[in-house]
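Just below is one structure, and these are the notes that go with it.
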There are 2 protein chains.
Amino acid sequence: MTGTSPDFAARLRSAGLRPTRQRVALARVLFGAGHRHVTAESLHAEVKATRIPVALATVYNALNQFRDAGLLHEVVVAPGRSYFDTNTGHHHHFFVENDGELHDFPADKVTIAGLPAPPRGTRLSRVDVVVRVRR
Amino acid sequence: MTGTSPDFAARLRSAGLRPTRQRVALARVLFGAGHRHVTAESLHAEVKATRIPVALATVYNALNQFRDAGLLHEVVVAPGRSYFDTNTGHHHHFFVENDGELHDFPADKVTIAGLPAPPRGTRLSRVDVVVRVRR
DNA sequence: CAAGTACTTTAGAATAATTCCAAAGATGAA
DNA sequence: TTCATCTTTGGAATTATTCTAAAGTACTTG
């Protein structure tokens, strides 16, 4: 073999999470290929297909833990729906309003000038740009 | 009197909405003073205080209709919570992550350069910038 | 490697936000 | 006024998410 298959257990461990059977299964689905956008529901459906039993509550737990550990970013674009993005690098989103699709685009070409200073007593956490489009 | 008090009924009518007792009451609360950010729940509480009976379902109906009519903008910043903004002009938001507070800032000073073209088959609807801050 | 402890998972109940529903009520055109 | 149409309403239904307590699993220590 040329490429070593990523060691998800180690990755979880170094994020401070025990590499349990279900967390590893979830990590494999999430981080096994390119960047992904998932909802708890969609991820649950995917992981169930791998024949490893994972409860929906566990998916929610894991997503929140992964996010807290910096393995995922949470993106809120539509009421009542949270997306989790495996791309934790600096980037922004296209959101297709018709069907709820989400696409990344890199932030490195984007310049935002003229932002006002944060309200007093607050410090900047991050700037999210959502470009809403319609079909 | 110098300034005529705004005619909410007329405003609703010209938005294509029947000026019912409850819609007028809601419009009065929403548009009576400066710009507002409300949730269905908070608006419901406010309008109840005016002694005009309005069901929560009606508040949801009205907010959606007002939004569809262009009288309000919907802002989604936190999972499971939608804010409606009476400021329909071009502007962006500060979102204080700790307490869910939302503040407007005008878009006229803000320049965003280097945005990629919308995905094929879509046209731009609008660009939302959310500056997330923490206390 | 046996044990114990702390952390996890689980199913289902609980909560929260929002929408749906069918019946009762209000509005505006004629 | 009359009536057809649009609205409101309370409560049930739905959807997304979190909570809970019991059962299971992982890591540490001896």
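Keep in mind that this is a model prediction, so the values were computed, not measured. Convention: sequence-line order gives letters A, B, ...; per-chain numbering from 1.
- Checked by atom type, the side-chain pair B/His103/B/Glu101 shows a donor-acceptor distance below 3.5 Å.
- Look at B/Gln65 and you won't find any side-chain N or O under 4.0 angstrom from OP1 or OP2 of D/dT7.
- An OP1 or OP2 oxygen of D/dT18 is reached within less than 4.0 angstrom by no side-chain nitrogen or oxygen of A/Tyr60.
- D/dA26 atom C1' lies 10 Å from atom CZ of A/Arg23, rounded to whole Å.
- Residue A/Pro19 is in sugar-phosphate contact alone, with no base atom involved, counting any heavy-atom pair closer than 4.0 Å across all strands shown.
- Side-chain nitrogen and oxygen atoms of B/Arg21 include none within less than 4.0 Å of the OP1 or OP2 phosphate oxygen of D/dT7.
- Residue B/Arg81 places at least one side-chain N or O under 4.0 Å from the OP1 or OP2 atom of C/dA17.
- For the OP1/OP2 pair of D/dT8 and a distance below 4.0 Å, the side-chain nitrogens and oxygens of B/Thr20 include at least one atom meeting the criterion.
- One can place CD1 of B/Ile52 at 18 Å from P of D/dT7, the figure rounded to the nearest angstrom.
- Contacts of B/Ser82 with the nucleic acid, taken as non-hydrogen atoms under 4.0 Å apart, involve only primed sugar atoms and P, OP1 or OP2.
- Seen from the ring of B/Phe84, B/Arg67 does not count as a face-on cation partner, given the 6.0 Å and 45° thresholds.
- In summary, the aromatic rings of B/Phe94 and B/Phe105 are positioned with their centroids under 6.0 Å apart.
- Rounded to whole angstrom, the span from the CG atom of A/Leu43 across to the C1' atom of D/dA16 amounts to 15 Å.
- Straight-line distance from the CG atom of A/Leu17 to the P atom of D/dA26: 15 Å, rounded to whole Å.
- Between B/His93 and B/His37, a ring centre-to-centre spacing shorter than 6.0 Å is recorded.
- Mapped onto DNA chain C by nearest heavy atom, B/Gln22 and B/Glu74 fall at different nucleotides, with B/Glu74 at the one closer to the 5' end.
- The CG atom of B/Leu56 sits 11 Å away from the C1' atom of D/dT9 (whole-angstrom rounding).
- Contact check, A/Asn64 against D/dT18: a side-chain N or O comes under 4.0 Å of OP1 or OP2.
- Contact check, A/Arg13 against D/dA26: no side-chain N or O comes under 4.0 Å of OP1 or OP2.
- Atoms CZ (B/Phe84) and C1' (C/dA17) sit 11 Å apart, rounded to a whole Å.
- Between B/Arg18 and B/Ala57, the residue whose closest nucleotide on DNA chain C is further toward the 5' end is B/Ala57.
- A/Ser82 and A/Glu74 share a donor-acceptor pair across their side chains, judged by distance under 3.5 Å alone.
- In this structure, the CG atom of B/Leu63 is 11 Å from the C1' atom of C/dT18, given to the nearest Å.
- In this structure, B/Leu12 atom CG and D/dT7 atom C1' are separated by 13 Å, rounded to whole Å.
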